[in-house]
Amino acid sequence: MYDDIVELAKRRGFFWPSFSIYGGFAGFYDYGPLGVLLKDNIIRTWKESYMEDGAIFLDSPNITPEPVFRASGHLARFSDLAAECEKCKSKFKFESVLAFNKQDIIPANLEEAKKIASDTYLKCPVCGSRITNIYDFNLMYKVSGDYYLRPETAQGIFVNFKLLFNYNRGKLPMIVGQAGKGFRNEISPRQSLIRLREFNQCEIEVFLDPENLEFKSLYDYKKIKIKPNTGEELDITVKEAFERGLISSQAFAYFVLKTQNILENIGIESSKLRFRQHDPDERAHYASDSWDAEGLIDNEWFEIVGIANRTDFDLNNHQSSSGETMTTKIEEREFIPYVIEPSYGIDRILLTLMAQSLETRDGKNVLKIPYPVAPYHFAVFPLMKKENLKEKAEYIYENMKKQDKYIVYDEAGTIGKRYARQDEIGTPYCITVDYQTLEDNTVTVRSRDTAEQKRIKIEELLDLDFINSYIYKK
RNA sequence: GCGAUUGUGGUGUAGCCUGGUAUCACAGUGGCUUCCCAAGCCACUAACCCGGGUCCAAAUCCCGGCAAUCGCACCA
């Protein structure tokens with residue numbers, strides 16, 4: 001299934017490896033014409049859903065000065081001292097070499113590590129030779145000068161907290177979102193969109209009063225697999241999971257539930273989704289608790305959303321580093337807000353959506369994605385390449401575009417072939433002008449999912465209500 | 001990053017062992033047919049990952065690079 005998607009994606013213009021005429025570049029992918037539309041629709045679904053909860057948004061730079069990541073802990077935690085055995089070429093984290101050699105010292109920087117290696121005979125855990133080659137491996141991309149490409153969009157929001165909070169007139173809870181690029185110099189990028197070096201993130205930072213970790217009330221929604229780090233796996237609603245004490249706060253549970261809801265709207269069904277809590281040693285340095293939403297592709301689970309309790313970790317660090325106050329007051333109580341962060345990996349969501357939505361009918365691909373996220377909503381065809389049919393079809397195409405831009409026109413090949421083309425890219429409806437159209441001004445509207453058609457009057461087609469009822473089901 | 005395997009038009013492939021004109025299908029373009037679920041016919045477009053070596057001659061053999069797949073490691 002995964003291979004089928006990668007093939008389809010390249011052939012039909014969803015996504016493909018970047019820079020291929022120069023031999024390619026591991027960890028980088030381009031979105032093609034249909035991928036751009038699909039990605040934008042996914043992001044829009046995310047954005048509009050959070051706007052319902054009063055979210056505000058930010059767009060901050062990719063290139064970020066070093067002090068930001070010094071404060072956030074990324075400089076320390078996203079870079080590792082590494083060691084290579086020059087004899088057997090094995091590579092290790094420096095700390096694991098120290099542990100193997102029963103050394104308790106923890107070097108603060110590269111200089112100290114090099115000193116340890118020259119003062120002490122450190123044996124290679126694999127071949128036993130002396131290890132001398134110590135270097136810094138940084139997961140963050142450094143650009144010239146003391147600047148880095150951000151490994152997450154979140155810090156842009158934290159460093160803007162005061163301005164954003166002022167904009168929000170000092171009110172908590174405050175929800176801030178940012179859709180943008182993140183960069184990580186992955187050691188081994190794999191599986192196309194799963195592990196990229198430059199990736200699309202939609203991050204949400206929810207700022208809350210730590211004494212009142214509540215948000216809107218929980219509601220009943222579909223059951224889903226819930227896998228806390230105690231080892232059990234339950235099939236219950238998120239609301240039930242909270243009521244059983246599996247999720248630490250009401251607000252955290254709300255955003256888990258919201259994530260389930262957003263993913264459903266994007267087209268990832270709850271039956272192919274689970275929430276898994278991180279083990280304590282698996283968490284990011286900034287998180288006191290984390291749950292991943294994982295999507296199923298080919299019987300394998302992949303993280304597509306990470307929801308972390310970042311507490312006041314980031315604001316606190318930026319307050320100490322910058323000297324700017326990040327506190328607020330409720331009555332006499334002064335505090336730094338707590339943060340819950342649902343972070344959506346858009347590339348992985350897009351891949352999961354496509355993999356989970358691809359079906360075959362009579363040996364032909366049908367991409368059954370929700371209508372509103374489909375790259376095109378409608379395709380318009382003349383039954384045949386005849387002037388009178390073409391003229392009518394072009395009229396419909398031009399006039400429907402006044403209501404909905406996500407429309408494509410096609411007259412090449414047989415009618416069956418054109419239906420198949422659209423099925424494969426998920427277009428919900430095909431509108432065909434035939435001979436009857438010339439007589440009574442009706443066209444056929446053919447559904448992607450059932451292949452059945454209905455006759456509709458052209459004037460009905462050109463009404464906004466038609467799009468609302470057919471695509472948005474309003 | 002290590003190891004194994006692989007790299008041929010837009011896609012999927014044959015050819016590679018045994019060096020000599022690169023196969024087929026799909027897709028695409030133009031035309032014929034005049035058409036409701038990938039019909040047919042004709043014509044066309046279009047590829048040996050990159051670099052080096054061996055050889056009269058390299059898609060084919062050898063070396064290096066890049067990339068992909070899988071396993072290990074990594075994934076904060």
Side-chain angles (χ1 to χ4, degrees), chain A residues 2-4 6-13 16-29 32 69 72-80 82-85 88-93 96 125-126 135 137-140 151-152 184-192 194-197 199 278-287 290 292 302-303 306 308 310 313 343 345 348 360-366 381-389 411-424 430-437 443-448 450-453 455:
Chain A
Y2 168 79
D3 293 333
D4 297 339
V6 171
E7 187 270 326
L8 186 153
K10 189 170 183 189
R11 185 166 45 79
R12 296 307 309 269
W16 53 65
S18 299
F19 311 115
S20 60
I21 68 164
Y22 289 107
F25 191 20
F28 296 88
Y29 268 72
F69 297 125
S72 71
H74 286 87
L75 207 56
R77 300 304 299 270
F78 261 59
S79 77
D80 256 332
E84 184 185 31
C85 171
C88 73
K89 300 287 174 202
S90 302
K91 291 188 166 89
F92 311 93
K93 282 189 178 180
S96 66
V126 172
Y135 58 96
F137 183 81
N138 201 328
L139 210 52
M140 284 196 294
E152 57 170 4
R184 290 182 195 186
N185 191 11
E186 296 285 354
I187 297 163
S188 53
R190 283 284 163 94
Q191 290 168 302
S192 67
I194 297 283
R195 205 193 301 186
L196 293 171
R197 287 182 164 142
F199 48 93
H278 280 201
D279 290 326
D281 60 1
E282 191 184 353
R283 287 178 203 139
H285 65 275
Y286 48 71
S290 277
D292 283 347
F302 292 98
E303 176 194 350
R310 295 182 79 132
F313 181 89
S343 172
R348 292 176 174 192
T360 51
R361 181 171 61 217
D362 304 329
K364 292 171 278 185
N365 288 331
V366 184
F381 312 142
L383 180 63
M384 289 184 291
K385 250 193 238 181
K386 274 203 153 166
E387 272 316 311
N388 47 357
L389 296 178
E411 57 176 39
T414 62
I415 190 72
K417 183 174 266 186
R418 282 175 271 160
Y419 287 145
R421 279 190 196 121
Q422 297 303 322
D423 284 344
E424 189 172 45
C430 294
I431 292 159
T432 304
V433 170
D434 59 11
Y435 292 109
Q436 198 180 324
T437 311
V443 293
T444 64
V445 176
R446 178 256 191 202
S447 149
R448 176 194 74 194
T450 62
E452 280 165 9
Q453 33 191 357
R455 287 206 84 87

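Below, read A as the first sequence line, B as the second, and so on, with proteins coming before strands; counting in each chain starts at 1.
Below the 3.5 angstrom threshold, one finds no donor paired with an acceptor across the side chain of R421(A) and the base of C37(B). Residue-to-nucleotide contacts include no donor-acceptor pair under 3.5 Å from the side chain of Y22(A) to the base of C66(B). Between the base of C36(B) and the side chain of Q453(A) there is a donor-acceptor pair shorter than 3.5 Å. In the interface, the side chain of S20(A) is not paired with the base of A67(B) through any donor and acceptor atom under 3.5 Å apart. No donor-acceptor contact under 3.5 Å links the side chain of R190(A) to the base of C75(B).
Spacing between atom CZ of R310(A) and atom C1' of A76(B) amounts to 11 Å, rounded to whole angstrom units. Between R11(A) atom CZ and G9(B) atom P the separation is 15 Å, expressed in whole Å. Between the CZ atom of F25(A) and the P atom of A68(B) there is a distance of 10 Å, rounded to whole Å. Between the CZ atom of F19(A) and the C1' atom of C49(B) there is a distance of 17 Å, given to the nearest Å. Per the geometry, CD belonging to E411(A) stands 18 Å off P belonging to U34(B), to the nearest Å. Distance CG (D3(A)) to C1' (U11(B)): 14 Å, rounded to an integer number of Å. Straight-line distance from the CH2 atom of W16(A) to the P atom of A68(B): 17 Å, rounded to whole Å. Put simply, CZ on R348(A) is 8 Å from C1' on C75(B), counting in whole angstrom units.
Contact annotation for A26(A): backbone-only contact, meaning every heavy-atom pair under 4.0 Å involves sugar-phosphate atoms and none involves a base. The residue D434(A) sits close to a base: some heavy atom pair falls under 4.0 Å.
For the pair R197(A) and F28(A), the NZ or CZ position fails the cation-pi test of under 6.0 Å to the six-membered ring centre and within 45 degrees of the ring normal.
Classification of E424(A) and R11(A) as a salt-bridged pair holds, one side-chain N sitting under 4.0 Å from a carboxylate O. Checked for salt-bridge contact, D434(A) and K386(A) miss the test: no charged N lies under 4.0 Å from a carboxylate O. For K364(A) and D423(A), the salt-bridge test fails: no basic side-chain N is under 4.0 Å from an acidic carboxylate O.
Distances shorter than 4.0 Å separate some side-chain N or O of K10(A) from OP1 or OP2 on U11(B). When the side-chain nitrogen and oxygen atoms of T414(A) are compared with OP1 and OP2 of A39(B), one or more of them lie within a distance under 4.0 Å.
Base pairing of G30(B): its partner is C42(B), meeting the Watson-Crick or G-U wobble criterion (both donor-acceptor distances under 3.5 Å). When Watson-Crick and G-U wobble pairs are counted only if both distances are under 3.5 Å, C61(B) pairs with G53(B). Pairing for C66(B) is with G7(B), a Watson-Crick or G-U wobble pair whose two hydrogen-bonding atom distances lie under 3.5 Å. A76(B): no Watson-Crick or G-U partner with both key distances under 3.5 Å is found in any strand. Of all nucleotides present, none satisfies the Watson-Crick or G-U wobble test against A22(B) with each distance under 3.5 Å. Pair check for C16(B) finds none; no Watson-Crick or G-U wobble contact set falls under 3.5 Å.
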* side chain to side chain contact (heavy atoms under 4.5 Å, CB included) assessment of F381(A) paired with R446(A) -> CA-CA 11 Å; F381(A) 312 142; R446(A) 178 256 191 202; over 6 Å; no
* What's the verdict on side chain to side chain contact (heavy atoms under 4.5 Å, CB included) for S72(A) and F313(A), showing C-alpha distance, side-chain angles and the deciding distance? -> CA-CA 8 Å; S72(A) 71; F313(A) 181 89; 5.8 Å; no
* To do: Please assess S290(A) against E282(A) for the test side chain to side chain contact (heavy atoms under 4.5 Å, CB included), listing each intermediate value before the final yes or no.
  => CA-CA 9 Å; S290(A) 277; E282(A) 191 184 353; over 6 Å; no
* To do: List the steps and the verdict of side chain to side chain contact (heavy atoms under 4.5 Å, CB included) for R184(A) and M140(A).
  => CA-CA 5 Å; R184(A) 290 182 195 186; M140(A) 284 196 294; over 6 Å; no
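If you check G1(B), U34(B), A67(B) against the side chain of S188(A), the one that comes closest is G1(B). Side-chain proximity of Y419(A) to the nucleotides C37(B), A76(B), G12(B) is greatest for C37(B). Comparing C75(B), A27(B), C36(B) by their closest approach to the side chain of K417(A) singles out A27(B). Checking A76(B), C36(B), G12(B) against every side-chain atom of L139(A), the shortest atom distance belongs to A76(B). Checked against A76(B), U34(B), C70(B), the side chain of Y286(A) finds its nearest nucleotide in A76(B). You'll find that the side chain of H285(A) is closest to A76(B), out of C75(B), A76(B), U11(B). Comparing U34(B), A76(B), U11(B) against the side chain of K386(A) picks out U34(B) as the nearest. Distance from the side chain of R446(A) is smallest for C37(B) among the nucleotides A38(B), C74(B), C37(B).
For the C1' atom pair drawn from G7(B) and C50(B), the interatomic distance equals 11 Å after rounding to whole Å. Nucleotides C55(B) and C16(B) are separated by 24 Å at their P atoms, to the nearest Å. A38(B) and U23(B): their P atoms are spaced 30 Å apart (whole Å). C41(B) and U5(B) are spaced 43 Å apart, taking the P atom of each and rounding to whole Å. Between A4(B) and A14(B), the distance separating the two P atoms is 24 Å to the nearest Å. When the C1' atom is compared between U8(B) and C49(B), the two are found 10 Å apart, to the nearest whole Å. Annotation: G28(B) and G15(B) have their C1' atoms spaced 25 Å apart (nearest Å). For the P atom pair drawn from G12(B) and A68(B), the interatomic distance equals 15 Å after rounding to whole Å.
Each of Y2(A) and R184(A) was matched to the nucleotide of RNA chain B holding its nearest heavy atom; the match closer to the 5' end belongs to Y2(A). Each of G24(A) and V433(A) lies near RNA chain B, and the nucleotide nearest V433(A) is the one positioned closer to the 5' end.
Atom CG of L389(A) sits about 10.5 Å away from atom CD of E411(A), to the nearest 0.5 Å.
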